[in-house]
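If you're wondering where the values come from, they're calculated on a predicted model, not measured in any experiment.
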Amino acid sequence: LEEAIAVEEAGLEVDSAPEPDAVDELREQFEADPTFAAAFEALTPGRRRAYHLYFADAKQSRTRVARIAKHRDRILEGKGLRDR
């Protein structure tokens with residue numbers, strides 16, 4: 001905690017964790033629907049990361065496609081994976 005305070009007081013920039021790469025199926029959805037891509041990019045970094053990890057966790061392509069389709073409306077509404 002003291003280290004974080006010292007970094008803040010010094011005005012140093014802290015690099016955030018890199019965002020995981022989007023799975024191919026998600027990139028295809030972005031290319032097909034720019035509105036969906038914009039809505040996804042408007043999410044907070046934590047929400048985007050949660051979706052990336054959830055989609056990438058599926059081993060089969062059809063499961064990834066199904067997960068993306070299932071959460072499409074939530075993403076368009078600006079909700080995260082765990083939001084109600």
Novice: Just verifying a value: how many Å separate Phe55 CZ and Gln29 CD, rounded to the nearest 0.5 Å?
Specialist: 9.5 Å

Novice: Identify which one of Thr35, Leu76, Leu26 satisfies the side chain to side chain contact (heavy atoms under 4.5 Å, CB included) criterion when paired with Phe40.
Specialist: Leu26

Novice: First locate atom CZ of Arg49, then atom CG of Leu81, and finally report the distance between them rounded to the nearest 0.5 Å.
Specialist: 13.0 Å

Novice: Are the side chains of Arg47 and Asp83 in touch, meaning some heavy atoms are under 4.5 Å apart?
Specialist: yes

Novice: For a side chain to side chain contact (heavy atoms under 4.5 Å, CB included) check, start with the C-alpha distance between Lys79 and Arg84, then their side-chain angles and the critical distance, and finish with the verdict.
Specialist: CA-CA 8 Å; Lys79 294 182 179 180; Arg84 292 183 183 210; over 6 Å; no

Novice: More than 12 heavy atoms of other residues, nucleotides or ligands under 6.0 Å from CD of Glu77: yes or no?
Specialist: yes

Novice: Would you check if the side chain of Arg48 reaches a backbone N or O of Leu43 as a donor-acceptor pair within less than 3.5 Å?
Specialist: yes

Novice: For a 4.5 angstrom cut-off between non-hydrogen side-chain atoms, does Tyr54 reach Ile68?
Specialist: no

Novice: Are Asp57 and Arg64 ion-paired here, with the side-chain N under 4.0 Å from a carboxylate O?
Specialist: no

Novice: If you measure from CD on Glu25 to CZ on Arg62, what distance do you get to the nearest 0.5 Å?
Specialist: 12.5 Å

Novice: Can you give me the closest heavy-atom contact between Ala39 and Ile75, atom names plus distance?
Specialist: CB-O, 3.8 Å

Novice: So with a 6.0 Å cut-off around CD of Glu41, is the heavy-atom count from everything else above 12?
Specialist: yes

Novice: Quick one: CD on Glu31 to CD on Glu28, what's the gap to the nearest 0.5 Å?
Specialist: 7.0 Å

